[in-house]
Amino acid sequence: MQEEKKGHFIETIITEDVENNKNDGQVCTRFPPEPNGFLHIGHAKSICLNYNMAEKFNGKCNLRFDDSNPAKEKQIYIDSIMANVKWLGFDVNTPLFASDYFQRLYEFAIELIKKGKAYVCSLPPDQIREYRGTLTEPGKNSPFRDRPVEENLELFDQMKQGVFDEGQHTLRAKIDMSSPNINLRDPIIYRVKKAAHPRTGTTWDIYPMYDFTHCLSDALEGITHSLCSLEFEDHRPLYDWIIEQLDTPCHPQQIEFARMNINYTVLSKRKLQRLVEEGHVDGWDDPRLHTLEGMKRRGYTPASIRNFCDVIGVSKKESRIDMGLLESCLRDDLNEQAPRVMGILNPLKVTIENYPDDQTETLDAVNHPKKEEMGKRQITFSKELYIEQTDFMEDPPKKFFRLGPGREVRLRYAYFITCKDVVKDENGKVIELICTYDPETRGGNAPDGRKVKGTIHWVNARDCVDATVNLYDRLFLDEDPEKDQDFVDNLNPDSLVTLDHCKLETSLGQAEPEKVYQFERMGYFCRDTKSLDNLVFNRTVTLRDTWAKVGGKK
RNA sequence: UGGGGCGUCGUCAAGCGGUAAGACACAGGGUUUUGAUCCCUGCAUUCAGAGGUUCGAAUCCUCUCGCCCCAGCCA
């Protein structure tokens with residue numbers, strides 16, 4: 001009854017199709033990755049779009065690998081892609097492969113030849129290019145364009161038998177060499193390729209090209225709406241042409257949308273690959289990368305990514321989304337889900353001079369301020385503590401609510417403490433604070449109603465664990481890393497800062513991998529899955545920090 | 001200079017002839033044992049520009065400008 005919103009343009013199109021009972025009112029989409037690399041956040045947009053449209057209209061979405069180029073495809077990519085799609089929360093129980101259609105595709109090619117709509121061209125690659133013409137000049141017909149059907153059939157069969165080398169012959173669709181749309185200038189639909197295919201091995205010596213494979217695979221699967229990115233808009237006439245020539249089960253409708261771009265990062269396979277190969281990052285799953293593997297390791301949740309894809313919308317306008325929006329979606333989810341803990345990144349020793357030397361007491365701490373069901377945990381307190389270096393200033397400005405000489409603050413869940421003295425090393429660096437505590441403020445409230453401006457986090461120096469923490473920041477300095485420069489020259493030298501000997505509350509010693517915790521006041525962190533032998537945490541994202549923004553600190 | 005697309009707030013994005021949704025960001029204010037969260041409030045007399053049609057246009061027409069994609073036996 002409140003469902004009045006129209007949705008994006010693709011949803012509008014599908015809605016109308018269903019209302020008009022097109023395809024019997026059925027909706028079937030597909031996500032068609034080529035297994036030649038790892039998935040990134042841009043793919044997530046397509047995944048969510050396709051699966052969501054299918055779900056919304058009670059249809060289904062096929063995960064279909066577009067594996068028609070054995071020279072570039074590998075099983076590890078297939079495995080990773082499946083794992084990523086599943087991780088995002090979508091069904092991958094029955095993956096499909098274009099390679100499963102190779103025999104049928106071959107038969108379709110024969111049908112085309114018999115109809116006089118395709119021919120074997122024996123022009124070498126450079127000649128094919130020359131004959132194709134340019135953007136402004138028409139191409140010219142191949143001298144092999146009018147080969148008799150029988151000869152075409154025979155040659156094509158020989159191509160299949162493997163009697164020719166790569167590049168010697170191709171099968172081309174006979175369309176129009178003078179078309180202003182270059183894709184229609186007798187496009188190659190089959191080529192000789194002697195590489196072993198991850199799934200079909202060496203059974204084939206010829207492989208269908210994308211334009212031939214994709215539309216026919218869609219048709220064979222009964223896809224109703226074939227959603228792809230803008231650069232395929234020029235291919236649509238070819239998509240339709242092929243379907244129209246052949247006797248196919250249906251004629252899917254190709255609809256194009258703009259792919260995702262995000263500022264301060266790069267998303268193309270080629271660029272990601274270069275970052276990995278040149279060693280600018282740790283690998284495909286480096287937490288600074290927006291590959292799904294990297295984001296997972298960074299601590300991104302599937303829900304946050306799905307929500308992000310939902311929030312950014314779908315249109316035909318090329319856009320660059322603000323990284324801040326991605327982070328906002330992340331924080332939204334993490335704020336709800338992440339249990340709170342305390343951890344000190346840059347420790348500053350604090351000694352409570354009026355606290356009994358050997359005493360240790362236990363205090364209650366809630367795991368989530370708004371979700372009582374997440375329970376409580378107990379933390380210990382003693383004479384020796386650690387607080388964050390940034391929570392103390394020797395000469396604090398008026399608006400600084402934290403600790404300074406003579407100032408009083410609340411230690412979260414514990415007591416009010418007052419800084420009495422500052423201990424420095426020979427270089428004048430503050431290395432320890434001597435404080436007193438008010439025994440009356442146990443739990444954090446003063447019976448006399450006294451207020452403090454600040455509450456800071458802390459850790460018991462006698463009961464904590466040592467950890468290494470990776471602080472990640474955006475990988476590039478400029479919003480558009482490619483503007484006027486090679487993007488690798490724009491890498492942020494501080495995109496990774498590693499901190500050793502961070503002091504965390506003991507419970508974190510058993511932190512589960514892939515679980516994200518909020519280190520109160522510091523951000524969200526998760527155990528690094530690549531270094532489980534040691535206690536290493538990755539910062540997923542910082543907390544919003546108005547104080548830092550005002551210029552209070554770095 | 002061929003063809004195909006796109007131009008609405010800083011960034012995304014609704015809008016489909018009836019007088020500019022929402023989100024993020026930003027700026028104020030409130031609550032708060034995270035300077036977090038949460039909660040209010042503000043934030044496009046204007047829709048790339050110029051003409052035109054109309055009682056009325058971001059929405060229709062014309063022209064202009066800007067940006068993206070296409071000449072792989074990649075997808």
Side-chain angles (χ1 to χ4, degrees), chain A residues 5-8 12 32-34 36 66-69 71-73 121 123-125 128-130 132-139 166-172 179-185 187-193 207 209-211 213-214 228-237 256 258 263 269 311-329 331-332 335-336 340 342 365-366 368-370 399-402 409-414 416 441 443-445 452-457 479 518-523 542-550 552:
Chain A
K5 50 176 284 191
K6 274 278 213 165
H8 50 71
T12 304
E34 183 193 9
N36 70 343
D66 221 337
D67 56 347
S68 58
N69 182 7
K72 295 184 175 174
E73 297 151 6
C121 180
L123 247 23
I128 289 200
R129 195 181 323 118
E130 268 186 55
R132 187 150 38 217
T134 69
L135 294 179
T136 51
E137 302 158 30
E166 292 186 14
Q168 259 186 294
H169 305 280
T170 55
L171 183 68
R172 297 228 251 163
S179 171
N181 181 344
I182 292 180
N183 294 299
L184 262 20
R185 318 241 261 232
I188 292 169
I189 54 177
Y190 258 95
R191 77 290 213 188
V192 172
K193 206 129 218 172
Y207 291 90
M209 295 284 287
Y210 164 82
D211 287 305
T213 309
H214 205 91
C228 64
S229 44
L230 252 28
E231 68 268 30
F232 292 101
E233 211 147 20
D234 285 342
H235 293 244
R236 187 171 1 115
E256 312 82 13
N263 61 12
K269 271 179 197 167
V311 156
I312 61 171
V314 179
S315 75
K316 298 191 70 157
K317 189 172 97 183
E318 310 223 23
S319 57
R320 183 181 297 280
I321 294 153
D322 194 332
M323 173 90 89
L325 183 54
L326 211 209
E327 294 179 337
S328 169
C329 291
R331 291 191 185 103
D332 252 11
N335 178 50
E336 284 295 309
R340 272 61 180 182
M342 293 198 286
V366 300
H368 191 114
K370 301 225 164 124
K399 301 283 276 181
F400 187 77
F401 301 155
R402 284 105 99 147
V409 297
R410 170 166 43 231
L411 291 181
R412 176 136 239 228
Y413 303 125
F416 284 10
T441 58
N445 288 305
V452 286
K453 290 292 277 183
T455 299
I456 65 176
H457 59 107
E479 167 170 355
Q518 184 194 101
F519 289 9
E520 291 203 43
R521 305 206 308 133
M522 301 311 284
T542 60
L543 251 30
R544 266 188 70 227
D545 191 345
T546 17
W547 169 243
K549 202 154 49 189
V550 172

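Below, chain A is the first sequence line, B the second, and so on; all start at residue 1. These values consider heavy atoms only, across backbone and side chains, with no hydrogens, waters or symmetry-generated copies.
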Item to check | Which residues share a ring-ring contact (aromatic ring centres under 6.0 Å, His included) with A:His235, sequence neighbours left out | outcome: A:Phe232

Item to check | With A:Tyr190 via ring-ring contact (aromatic ring centres under 6.0 Å, His included) - residues at least two apart | outcome: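 Testing A:Tyr190 for ring-ring contact (aromatic ring centres under 6.0 Å, His included), a comparison that skips the adjacent residues, returns A:Phe156, A:Phe212.
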
Provide the distance between the two [atom1] atoms, one in [N] and one in [M], to the nearest whole Å.
N	M	atom1	result
B:U45	B:G22	P	16 Å
B:C24	B:U41	P	14 Å
B:C47	B:A13	C1'	13 Å
B:C73	B:C67	P	29 Å
B:A23	B:U37	P	16 Å
B:A50	B:C39	P	41 Å
B:U64	B:A25	P	42 Å
B:C38	B:U34	P	14 Å

Just checking [X]: base, sugar-phosphate only, or nothing, at a heavy-atom cut-off of under 4.0 Å?
X	answer
A:Arg320	sugar-phosphate
A:Val314	sugar-phosphate
A:Lys316	sugar-phosphate
A:Arg410	base
A:Asn445	base

Rounded to the Å, how far apart are [X] [atom1] and [N] [atom2]?
X	N	atom1	atom2	answer
A:Arg544	B:C24	CZ	C1'	11 Å
A:Glu137	B:G2	CD	P	13 Å
A:Asp322	B:C9	CG	C1'	14 Å
A:Arg340	B:U32	CZ	P	18 Å
A:Lys549	B:C26	NZ	C1'	8 Å
A:Leu184	B:G3	CG	P	14 Å
A:Met323	B:U11	CE	P	17 Å
A:Arg521	B:G35	CZ	P	5 Å

Checklist outcome for this item: Whichever of A:Ser328 and A:Lys317 has the more 5' nearest nucleotide on RNA chain B, that residue is A:Lys317

Checklist outcome for this item: Of A:Leu325 and A:Ile321, the one whose closest nucleotide on RNA chain B sits nearer the 5' end is A:Ile321

Only pairs with both distances under 3.5 Å count, Watson-Crick or wobble alike; so what is the partner of [N] in this structure?
N	result
B:U45	none
B:U32	none
B:C55	B:G18
B:C24	B:G10

Checklist entry - Any donor-acceptor pair under 3.5 Å between the side chain of A:Gln518 and the base of B:U34? => result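 Between B:U34 and A:Gln518, which were checked side chain against base, a qualifying N/O pair under 3.5 Å is present.
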
Does [X] reach the side chain of [Y], with side-chain heavy atoms less than 4.5 Å apart?
X	Y	answer
A:Lys399	A:Trp547	yes
A:His457	A:Met522	yes
A:Ile188	A:Ile128	yes
A:Arg410	A:Thr441	no

With a cut-off of less than 4.0 Å, is there a side-chain N or O of [X] near OP1 or OP2 of [N]?
X	N	answer
A:Thr546	B:A36	yes
A:Arg331	B:U37	no
A:Thr455	B:U34	no

Checklist entry - Which distance, rounded to the nearest 0.5 Å, do you find between the CZ of A:Arg340 and the CZ of A:Arg412? => result 9.0 Å

Checklist entry - Should B:G72 be called syn or anti, with syn set as within 90° of 0? => result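 With its glycosidic angle within 90° of zero, B:G72 counts as syn.
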
Checklist entry - Regarding A:Ser328 and A:Arg544, is there a side-chain donor-to-acceptor distance under 3.5 Å anywhere? => result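 Short answer, no.
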
Item to check | Minimum heavy-atom distance A:Thr170-A:Arg191, with the two atoms named | outcome: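 Answer, listing the atom of A:Thr170 first, then A:Arg191: CG2-CB, 4.5 Å.
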
Checklist entry - Which heavy-atom pair separates A:Arg185 from A:Pro180 by the least distance, and what is that distance? => result NH1-CA, 4.1 Å

Checklist entry - Taking protein heavy atoms under 4.0 Å as touching, what does nucleotides 66-75 of chain B look like 5' to 3' if B marks base contact, S marks sugar-phosphate-only contact and - marks none? => result --SBBBSBSB

Next on the checklist: Among B:A36, B:A13, B:U37, which nucleotide has an atom closest to any side-chain atom of A:Ser319?
Outcome noted: B:A13

